[in-house]
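To start, the structure under review is shown below, and the notes come after it.
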Amino acid sequence: MITINGITKSFGSLQVLKGIDLHIEKGEVVSIVGPSGAGKTTLLQIIGTLDRPDSGSVHVDSIDVTSLSQKKLSDFRNRHIGFVFQFHQLLPEFTAIENIMIPAYIAGTSNKEARRRATELLDFMGLSDRATHKPNELSGGEKQRVAVARALVNNPAVILADEPSGSLDTKNKAELHQLFFDLRDRFGQTFVIVTHDEGLAGITDRTIHLRDGQIELPISPISPISPTKNDD
C-alpha cells in the first residue's frame with residue numbers, strides 16, 4: 001500500500017529525515033511516535049504529497065507519487081488520500097454536511113452523489129441529526145468526527161492523521177481512537193497516525209518509532225548462551 005525507500009529531507013542546513021525505509025500494508029492502522037523534532041510531521045507530509053523529499057521514492061497505492069507533475073499530484077491527493085488534523089479545519093460558514101461534501105465537489109462528483117456519500121458517513125458517525133449545524137454549533141468531538149467524514153468522502157485508500165485527538169477530552173479521544181478501527185473494518189482504509197498519545201499508539205497494529213530523522217529498530221533480546229559441552 002505505502003512503500004518508502006531512502007527518503008531524505010533537509011530544511012537549509014538541518015537534515016530532518018535521514019534515509020527512511022518503510023512499508024505499510026493495506027488495511028493497517030499504524031502510529032508514528034517520537035520526540036518533537038524527530039521528523040514525524042515531515043514524514044507524514046511527504047507520504048501525503050504535501051511536500052517532496054530531497055531524495056528517495058514514495059509509492060502510494062502502487063503509484064510513484066514522487067514522479068507525478070504538480071497537477072497530477074493534486075488530483076491524486078484529492079482522490080487517494082484523506083487528511084485529519086489536530087484542529088478540525090472546518091469552514092465556519094458551511095454546515096456539517098456541506099463541509100464533508102467539499103472534497104467530493106473538487107473531485108467532480110455530482111451534487112446528488114456527494115450528498116448521498118456525505119449522508120452515509122454522517123449516519124455512520126452517529127451525526128445524522130447534526131447535518132445542518134455549522135461548526136460553532138458542534139462540540140469538539142462532533143467537529144472532529146465531521147473532519148474524519150470529510151477525509152473519507154472520496155473513499156481514499158489512505159487516511160493520514162496528525163495528532164488527531166490532541167485537542168479532545170478523554171471521552172472524545174477514546175471514541176475517536178475506536179472510530180479509526182471501526183472505519184478500517186467498514187471501509188478498508190489504511191491509517192497512518194502521528195501521535196504523542198501513548199494510549200492510541202498502544203492499540204494500533206504497529207508503532208513506528210522515529211528519532212533524529214531515522215526509524216529506531218527494535219532491539220532483539222539477547223539469547224542466552226548455552227554452555228559449551230566438554231568432551232574431555
Legend entry - Cluster companions of Leu91 among Ile, Leu, Val, Met, Phe, Trp, Tyr (side-chain spacing under 4.5 Å): Phe94, Ile102, Ile106

Inset, instruction - Just do the side-chain hydrogen bond (donor to acceptor under 3.5 Å, both in side chains) check on Thr41 and Asp162 with the steps written out, would you? - result: CA-CA 7 Å; Thr41 294; Asp162 193 356; 3.3 Å; yes

Inset, instruction - Among residues two or more places apart or on two chains, list those pairs meeting salt bridge (charged side-chain N to carboxylate O under 4.0 Å, His left out) that have a residue in residues 116-126. - result: Glu113-Arg116, Arg116-Glu120, Arg117-Glu120, Glu120-Arg186

Legend entry - Check: Leu22 and Ile2 side chains under 4.5 Å, non-hydrogen atoms: no

Inset, instruction - Look at the side-chain heavy atoms of Ile, Leu, Val, Met, Phe, Trp and Tyr, link any pair under 4.5 Å apart, and say whether Leu138 and Val84 land in one connected group. - result: yes

Legend entry - Side chains of Arg52 and Leu73 in contact at under 4.5 Å (non-hydrogen atoms): yes

Inset, instruction - With sequence neighbours excluded, tell me which residues meet side chain to side chain donor-acceptor pair (under 3.5 Å) with His133. - result: Arg130

Inset, instruction - Identify whether Ile7 and Ile81 are in the same connected component of the hydrophobic contact network (ILVMFWY, side-chain heavy atoms under 4.5 Å). - result: yes

Inset, instruction - For Glu137, check side chain to side chain donor-acceptor pair (under 3.5 Å) against everything at least two apart and list the hits. - result: none

Inset, instruction - Please tell me if the side chains of Thr119 and Ile97 come closer than 4.5 Å, counting only heavy atoms from C-beta onward. - result: yes

Inset, instruction - For the residue pair Phe124 and Val148, establish whether any side-chain heavy-atom pair is separated by less than 4.5 Å. - result: no

Legend entry - Whether over 12 other heavy atoms sit under 6.0 Å from Asp182 CG: yes

Inset, instruction - Taking the side chain as every heavy atom from C-beta outward, state whether Arg150 and Gln89 have any atom pair closer than 4.5 Å. - result: yes

Inset, instruction - Give the C-alpha distance, both sets of side-chain angles, the deciding distance and a yes or no for side-chain hydrogen bond (donor to acceptor under 3.5 Å, both in side chains) between Thr132 and Thr95. - result: CA-CA 5 Å; Thr132 60; Thr95 64; over 6 Å; no

Inset, instruction - Answer yes or no: is there a side-chain heavy-atom contact under 4.5 Å between Glu28 and Arg206? - result: yes

Legend entry - Joint hydrophobic cluster, Val33 plus Val30, side-chain heavy atoms closer than 4.5 Å: no

Inset, instruction - Sequence neighbours left out, what passes ring pair (Phe, Tyr, Trp, His ring centres under 6.0 Å) with His177? Give chain and number order. - result: none

Legend entry - Other residues, nucleotides, ligands: >12 heavy atoms within 6.0 Å of Glu198 CD: no

Throw together a table of side-chain donor-acceptor distances under 3.5 angstrom for residues 188-196, partners on residues two or more places apart or in other chains.
residue	atom	partner	partner atom	Å
Gln189	NE2	Asn155	OD1	3.1
Gln189	NE2	Pro156	O	3.0
Thr190	OG1	Gly27	N	2.9
Thr195	OG1	Asp197	N	2.8
His196	ND1	Glu163	OE2	2.5

Legend entry - Intermediate values then yes/no, salt bridge (charged side-chain N to carboxylate O under 4.0 Å, His left out), Asp61 and Arg79: CA-CA 11 Å; Asp61 210 11; Arg79 295 176 182 274; over 6 Å; no

Inset, instruction - For residues Asp51 and Lys9, determine if any side-chain heavy atom of one lies less than 4.5 Å from a side-chain heavy atom of the other. - result: yes

Legend entry - ILVMFWY network linking Ile46 to Ile63, side-chain heavy atoms under 4.5 angstrom: yes

Inset, instruction - Go through the steps to decide whether Ser31 and Thr207 satisfy the test side-chain hydrogen bond (donor to acceptor under 3.5 Å, both in side chains), and finish with yes or no. - result: CA-CA 5 Å; Ser31 55; Thr207 301; 3.1 Å; yes

